[in-house]
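The shown structure was predicted, so the numbers you read here are calculated from the model rather than taken from an experiment.
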Amino acid sequence: MSKKDFETFLKKHASADMRDKAIDWDREKQDWLGRIDEFYGTVQEWLKEYIDDGKIQISFDSIILNEDHIGSYETKKLHLRLASQEVVFSPIGTLLVGARGRIDMTGIAGRVRFVLVDEESAGISWTVRDSTG
């Protein structure tokens, strides 16, 4: 590596450090935690009729996530019990490439990934995988 390459490397990483300092990571974390609660509220609203009738029982379980820049934080999983089956919604994180957050839903039939994207997102990209094999 030449001296010029090394100086370019240092400048590049110094500017990245400045960008990181400009981001309010605590605000990012609080926004993400609010989005998780909002998502769980929406799921419960969709299923309200069945929850009120006792056909679906809900519970929450605390989990700890750890992400770069944000550190460790506590959030929760949502458990839905219906008949003899359980479906679990688990937050994965907020610092993802191309997304503002992800929550996975897992149950006996497999897993679905819910991804939070910015309103300014250029479009949707779908990936379908069959894991019933």
Side-chain angles (χ1 to χ4, degrees):
M1 178 181 277
S2 71
K3 184 176 180 180
K4 184 176 179 181
D5 291 338
F6 184 64
E7 287 176 5
T8 302
F9 170 81
L10 291 176
K11 284 180 186 177
K12 178 181 174 185
H13 287 283
S15 64
D17 286 344
M18 292 305 289
R19 282 192 306 269
D20 284 348
K21 289 178 184 174
I23 297 172
D24 183 346
W25 293 110
D26 188 55
R27 192 170 116 210
E28 292 289 320
K29 176 179 71 175
Q30 293 307 318
D31 181 54
W32 170 232
L33 291 172
R35 298 289 186 152
I36 294 169
D37 289 340
E38 183 181 346
F39 180 82
Y40 290 165
T42 300
V43 170
Q44 292 174 70
E45 189 177 308
W46 289 336
L47 301 172
K48 182 178 180 356
E49 172 185 346
Y50 305 103
I51 294 168
D52 290 348
D53 286 346
K55 294 176 182 172
I56 296 177
Q57 293 79 42
I58 65 167
S59 63
F60 294 94
D61 190 19
S62 293
I63 60 167
I64 303 293
L65 296 179
N66 189 2
E67 299 191 68
D68 292 340
H69 305 289
I70 291 177
S72 293
Y73 58 96
E74 184 175 349
T75 186
K76 58 192 173 195
K77 291 182 180 183
L78 169 62
H79 297 262
L80 300 176
R81 178 158 292 287
L82 47 149
S84 63
Q85 302 198 16
E86 184 176 51
V87 175
V88 180
F89 293 85
S90 303
I92 301 303
T94 186
L95 300 178
L96 306 169
V97 175
R100 305 274 299 151
R102 188 177 111 200
I103 297 175
D104 287 0
M105 176 181 75
T106 51
I108 195 164
R111 177 174 47 195
V112 174
R113 294 179 177 139
F114 295 93
V115 181
L116 175 65
V117 295
D118 287 325
E119 288 182 31
E120 302 87 36
S121 178
I124 298 174
S125 173
W126 294 93
T127 303
V128 178
R129 292 189 187 124
D130 182 3
S131 61
T132 58

Between atom OG1 of Thr75 and atom CZ of Phe60, what is the distance when rounded to the nearest 0.5 Å? 10.0 Å
Could I get the full list of side-chain contact (heavy atoms from CB on, under 4.5 Å) partners for Lys55, not counting sequence neighbours? Tyr50, Asp53
Atom pairs and distances, side-chain donor-acceptor, residues 92-103, under 3.5 Å, sequence neighbours left out:
{"unit_1": "Thr94", "atom_1": "OG1", "unit_2": "Arg100", "atom_2": "O", "d": "2.5"}
{"unit_1": "Arg100", "atom_1": "NE", "unit_2": "Asp118", "atom_2": "OD1", "d": "3.4"}
{"unit_1": "Arg100", "atom_1": "NH1", "unit_2": "Glu28", "atom_2": "OE1", "d": "3.3"}
{"unit_1": "Arg100", "atom_1": "NH2", "unit_2": "Glu28", "atom_2": "OE1", "d": "3.2"}
{"unit_1": "Arg102", "atom_1": "NE", "unit_2": "Asp104", "atom_2": "OD1", "d": "2.8"}
{"unit_1": "Arg102", "atom_1": "NH2", "unit_2": "Asp104", "atom_2": "OD1", "d": "3.4"}
{"unit_1": "Arg102", "atom_1": "NH2", "unit_2": "Asp104", "atom_2": "OD2", "d": "2.8"}

Please report the closest heavy-atom contact between Tyr40 and Lys77, naming both atoms and the distance. OH-CA, 3.7 Å
Val43 versus Leu80: any side-chain heavy-atom pair under 4.5 Å? yes
Do you know which two heavy atoms are closest between Asn66 and Gly71, and how far apart they sit? OD1-C, 3.3 Å
Treating Ile, Leu, Val, Met, Phe, Trp and Tyr as nodes and any side-chain heavy-atom pair under 4.5 angstrom as an edge, say whether Leu82 and Ile108 lie in one connected cluster. no
Restricting to side chain to side chain donor-acceptor pair (under 3.5 Å), what partner residues turn up for Ser62, sequence neighbours left out? Glu74
Name all residues meeting the side-chain contact (heavy atoms from CB on, under 4.5 Å) criterion together with Ser84; count only those two or more places apart in sequence or in a different chain, and write none if there are none. none
What pairs of donor and acceptor atoms, side-chain ones from residues 30-39 against any protein atom, are under 3.5 angstrom apart with sequence neighbours left out?
{"unit_1": "Trp32", "atom_1": "NE1", "unit_2": "Tyr73", "atom_2": "OH", "d": "3.1"}
{"unit_1": "Asp37", "atom_1": "OD1", "unit_2": "Lys76", "atom_2": "NZ", "d": "3.3"}

List for me each residue that meets side-chain contact (heavy atoms from CB on, under 4.5 Å) alongside Glu86, sequence neighbours excluded, and say none if there are none. His79, Arg81, Val88
